[in-house]
Amino acid sequence: MVWWREAERIVDIFRSKPIGDIVIVRGWIYRLSRIGGVAFIGIRDGSGYIQVSLKRSVAPSLFEIVDKLSVEDVVAVRGVVVEDKRAPGGLEVRAQDIEVISKSSVWPITRSAVKSIGFLFDKRHLWIRSPRVRSILKIRSEVCRLIREYMDENGFVEFHSPIFVKSACEGGATLFPVEYFGNTVYLTQSAQLYQEAAIATFGRVYTLGPCFRAEKSRTRKHLTEFWQIECEIAFADLDEDMRILEELLVYVCRGVADRCREELDILGVDFKPPTPPLPRITYTEALEIARSRGSETVWGEDFSSRDESLVSSIFDKPFFVTHYPASTRSFYHMLDPHDPRLTLSFDLIAPEGYGELATGGQRISDYDTLVKRIDEQRLPRGSFSWYLELRMYGCPPHSGFGMGIERLVRWICKLPSVRMAIPFPRTPDRFEP
RNA sequence: GCCGCCGUAGCUCAGCCAGGUAGAGCAGCGGGCUGUUAACCCGUUGGUCGUCGGUUCGAAUCCGACCGGCGGCGCCA
């Protein structure tokens, strides 16, 4: 058996600080420097980073191995843990034995490469090793974990909807067709319709998973494959819907601020979780704000991204815009009983121009009203037969929302683009690696 | 779908406007240095100038088409 079969996780060494003990660490070399008779090897094992040092005078034969090392070689090191203020983190391992487990070719991502976003995404399979990308992806993982924690603790059941679907969730939306044994099906763009079926089973359900949009959007807030947290809540009205989203968002943000200090630090981000309540304004009020600041958008049109920025600049935390006109929303939105031009809907918009994070609202529960809306939007009634049938077998008021994971991570981490917030981004022009 | 910008060494870029046989920094390689943190010092390898075509005695440089990338708008999570 090889001597490095068992090893300490680097994070555990920093936690327990076994000064004077002999430990084995193994991982990838992320930094190398040799100064005459002293060598320093920075090792990364996924859990953390630690420095190994070695003096020629102490171990001349080991030093010959070290002379041939290069960055990203995978090595195992056995040595003594010592405290040393000169080492990063104040601890280092004085090597007594080193074995090269796997050699690396010359690492292509050099210091100057950080300026070249295209090159970095071409090398995304390697770039994800960097501390910054690692931090973002770790925060993404924590965001998803916190979402599940919140949903699980608040009576929601995780519900998996199909990826292959027969028809669109929303009119006009562009779908990816897939050949399916002689039929054409599409990649899902939302779990919502299936969740509306599931509330009769569980009352409250959520789905955290991928969605697909075949839109040739060239922006920093769009991906063709993205993840969202969607949920559906039986008996909830618009206010209840927003209350849950607000609680969820605050829970996730506090959790990230609490559990991801190190990662936020590496990113240089001073993230302050928003304190509730989040502001709520109506579409009509938001439009007035945008128009008073130079927007030409007229009532009934959806906001442009400029409008969104104009309005968001007056807030320092995410805010709700509610009661969008029916002309801007999809067919399933409940119309406002007080003003049928409006829907019981909302968007959650991030400040500082990061744009829309989430969207949601109350759904139409009544069969005839839903049929009427489908016809008005000139959608094929047949495509929604099972969805309509839900209205025939007990359909209480219900609401839900969807929040984009990449958009949330982007806002938290202050990233220039959602492409940074997913391991392997898919855009119209990029689907590899 | 529309608009704009950019393709020269593994990476970042200069050279292009005023056409004359390809340059720097980093990375790599060789050497030196006993505490490096983006080390430093000396030396050195490396390029069908995105592709195809045109103009020209001569094209990285001028013109056209195409390909690839980046950014903005629209659409939206």
Side-chain angles (χ1 to χ4, degrees), chain A residues 30-42 49 51-58 63 67-68 70-71 82 84-90 92 94 104-123 126-127 169-174 188-192 207-230 245 297 301-308 328-330 347-350 354-360 401-411 416-419 421-422 427-430 432:
Chain A
Y30 71 94
R31 187 164 66 202
L32 258 184
S33 70
R34 277 159 295 204
I35 291 135
V38 189
F40 302 95
I41 309 165
Y49 304 83
Q51 174 167 288
V52 169
S53 77
L54 179 66
K55 291 190 174 161
R56 172 175 274 144
S57 55
V58 174
F63 218 84
D67 267 331
K68 291 179 199 145
S70 37
V71 168
V82 298
D84 194 317
K85 277 177 291 201
R86 297 169 295 185
E92 69 177 18
R94 300 268 161 86
S104 169
S105 297
V106 175
W107 187 244
I109 302 179
T110 58
R111 196 143 190 90
S112 41
V114 302
K115 288 201 264 179
S116 178
I117 202 70
F119 176 76
L120 290 171
F121 278 113
D122 287 343
K123 300 290 180 189
L126 304 178
W127 186 28
C169 298
E170 311 187 15
T174 29
T188 185
Q189 56 178 207
S190 167
Q192 181 198 320
T207 306
L208 179 52
C211 294
F212 307 87
R213 301 271 163 97
E215 292 158 352
K216 288 199 171 179
S217 304
R218 299 197 46 83
T219 78
R220 46 180 72 193
K221 43 179 105 163
H222 289 87
L223 296 164
T224 52
E225 176 182 329
F226 64 98
W227 282 55
Q228 56 179 348
I229 165 66
E230 291 179 278
L245 174 55
T297 304
E301 290 177 345
D302 211 344
F303 294 121
S304 68
S305 55
R306 179 164 167 266
D307 295 334
E308 225 170 61
T328 69
R329 305 303 269 205
S330 357
D347 280 358
L348 179 71
I349 298 172
Y354 285 94
E356 192 179 315
L357 294 177
T359 186
F401 60 80
M403 179 159 62
I405 301 299
E406 292 77 21
R407 290 184 174 182
L408 178 57
V409 172
R410 180 192 172 209
W411 171 64
S417 163
V418 288
R419 285 177 301 160
I422 186 168
T427 65
D429 298 321
R430 188 177 285 283
E432 199 190 15

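Side chains are part of it too, since the values below use all heavy atoms of this structure and drop only hydrogens, waters and symmetry mates. We name chains A, B, ... by the order of the sequence lines, and we start the count at 1 in each one.
- With a 3.5 Å ceiling on both atom-pair distances, B:A22 lacks any Watson-Crick or G-U wobble partner.
- Taking the C1' atoms as reference points, B:C62 lies 33 Å from B:C73, given to the whole Å.
- Taking atom P in both B:G64 and B:G1, one finds a spacing of 23 Å when rounded to whole Å.
- Within the nucleic acid shown, A:D122 has no heavy atom closer than 4.0 Å to any nucleic acid atom.
- Across every strand in view, B:G7 sits in a pair with B:C67 that passes the Watson-Crick or G-U test at under 3.5 angstrom.
- In the set B:G74, B:U37, B:C11, the nucleotide with an atom closest to the side chain of A:R31 is B:U37.
- For B:C76, the OP1/OP2 oxygens have no side-chain nitrogen or oxygen of A:T359 closer than 4.0 Å.
- Summarising the geometry, atom CD belonging to A:Q51 is positioned 7.0 Å from atom OG belonging to A:S33; distances are rounded to the nearest 0.5 Å.
- For the pair A:L408 CG and B:A77 C1', the interatomic distance rounds to 11 Å; values are reported in whole Å.
- To the nearest 0.5 Å, atoms CD (A:E356) and NZ (A:K221) are separated by 8.0 Å.
- No side-chain donor-acceptor contact under 3.5 Å links A:R407 to the backbone of A:V418.
- If you take NZ of A:K221 and P of B:C76, they are 12 Å apart, rounded to a whole angstrom.
- Spacing between B:G28 and B:C11 at atom C1', rounded to whole Å, works out to 12 Å.
- Under the ring pair (Phe, Tyr, Trp, His ring centres under 6.0 Å) criterion, A:F63 pairs with no residue, sequence neighbours left out.
- The shortest side-chain heavy-atom distance between A:L357 and A:R410 does not fall under the 4.5 Å cut-off.
- For B:U12, the OP1/OP2 oxygens have no side-chain nitrogen or oxygen of A:K115 closer than 4.0 Å.
- If you check B:G30 for Watson-Crick or wobble pairing at under 3.5 angstrom, you find it paired to B:C42.
- Interface remark: the A:R430 side chain does not form any donor-acceptor pair with the B:G69 base, using a distance-only criterion of under 3.5 Å.
- Here A:T219 lies in heavy-atom contact (under 4.0 Å) with a base.
- Regarding contacts with the backbone of B:G74, a side-chain N or O of A:S304 is found under 4.0 angstrom from either OP1 or OP2.
- When distances run from any side-chain atom of A:I35 to the nucleotides B:A39, B:G1, B:A77, the shortest one goes to B:A39.
- The closest donor-acceptor contact from the side chain of A:D347 to the backbone of A:I349 lies at 3.5 Å or more, if one exists at all.
- Picking from B:G74, B:U36, B:G72 the nucleotide with the shortest atom distance to the side chain of A:R220 gives B:G72.
- A distance of about 14 Å separates the C1' atoms of B:G47 and B:A24, rounded to the whole Å.
- Taking OG1 from A:T224 and CD from A:Q189, the interatomic distance works out to 13.0 Å, rounded to the nearest 0.5 Å.
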Completion exercise
In B/S/- notation (B base, S sugar-phosphate only, - none; protein heavy atoms under 4.0 Å), nucleotides 26-32 of chain B written 5' to 3' is -SS----

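- Listed nucleotides B:G10, B:G35, B:U37 differ in distance to A:P108; the shortest reach to its side chain belongs to B:G10.
- In this model, a donor atom of one side chain and an acceptor atom of the other lie less than 3.5 Å apart for A:S112 and A:T110.
- At whole-Å resolution of the value, CD in A:E215 and P in B:A77 are 9 Å apart.
- Taking a pair to require two hydrogen-bonding distances under 3.5 Å in either a Watson-Crick or a G-U wobble arrangement, B:G58 remains unpaired.
- A donor-acceptor distance shorter than 3.5 angstrom exists from the side chain of A:E230 to the backbone of A:A191, with no hydrogens or angles considered.
- Going from atom CG of A:L223 over to atom P of B:C75 covers 18 Å, rounded to whole Å.
- Under the stacking criterion of a centre-to-centre distance below 5.5 angstrom and an interplanar angle below 30°, A:F226 sits stacked against the six-membered ring of B:A77.
- Put simply, OG1 on A:T359 and CE on A:M403 are 12.0 Å apart, with the number rounded to the nearest 0.5 Å.
- Base pairing analysis places B:G1 opposite B:C73; the two distances defining the Watson-Crick or G-U wobble pair are each below 3.5 Å.
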Could you list the protein-to-nucleotides 14-16 of chain B atom pairs, N/O on both sides, closer than 3.5 Å?
none

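- Going from the C1' atom of B:U44 to that of B:C63 covers 40 Å, rounded to whole Å.
- Distance A:K85 NZ to B:U36 P: 14 Å, rounded to the nearest Å.
- Comparing A:Q51 and A:F119 along RNA chain B, the residue whose closest nucleotide (by nearest heavy atom) sits nearer the 5' end is A:F119.
- In this structure, A:F63 atom CZ and B:U34 atom C1' are separated by 8 Å, rounded to whole Å.
- If you take CZ of A:R94 and P of B:U36, they are 13 Å apart, rounded to a whole angstrom.
- Looking at heavy atoms from C-beta onward, A:D429 lies in side-chain contact with A:R218 at the 4.5 angstrom threshold.
- Rounded to the nearest 0.5 Å, atoms CZ (A:R34) and CD1 (A:I41) are 8.5 Å apart.
- Taking only side-chain atoms of A:R213, from C-beta outward, the nucleotide of B:U34, B:A77, B:U12 with the closest atom is B:A77.
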Practice task
Walk me through it: do A:T427 and A:L223 pass the test side-chain contact (heavy atoms from CB on, under 4.5 Å)?
Solution key: CA-CA 5 Å; A:T427 65; A:L223 296 164; 4.0 Å; yes

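- The residue A:E92 sits close to a base: some heavy atom pair falls under 4.0 Å.
- To the nearest whole angstrom, the two C1' atoms, one in B:C13 and one in B:A60, are 14 Å apart.
- Proximity note for A:R419 (side chain, C-beta onward) versus B:G71, B:G35, B:G10: the nearest is B:G71.
- Between the base of B:U37 and the side chain of A:S33 there is no donor-acceptor pair shorter than 3.5 Å.
- The same atom, P, is picked in B:C16 and in B:G7; the two are 13 Å apart, to the nearest Å.
- Spacing between B:U61 and B:C49 at atom C1', rounded to whole Å, works out to 10 Å.
- With respect to the salt-bridge test (charged N to carboxylate O, under 4.0 angstrom), the residues A:R430 and A:D122 qualify.
- Between the P atom of B:U34 and the CG atom of A:L54 lies a distance of 14 Å, rounded to the nearest Å.
- For A:S116, the listed nucleotide lying nearest its side chain is B:U12; candidates were B:G74, B:U12, B:G69.
- Residue order along RNA chain B, read from the 5' end via each residue's closest nucleotide, puts A:V114 first among A:W227 and A:V114.
- Of the listed nucleotides (B:C70, B:C76, B:U36), B:C76 has the atom at the smallest distance from the side chain of A:R407.
- Within the nucleic acid shown, A:A39 has no heavy atom closer than 4.0 Å to any nucleic acid atom.
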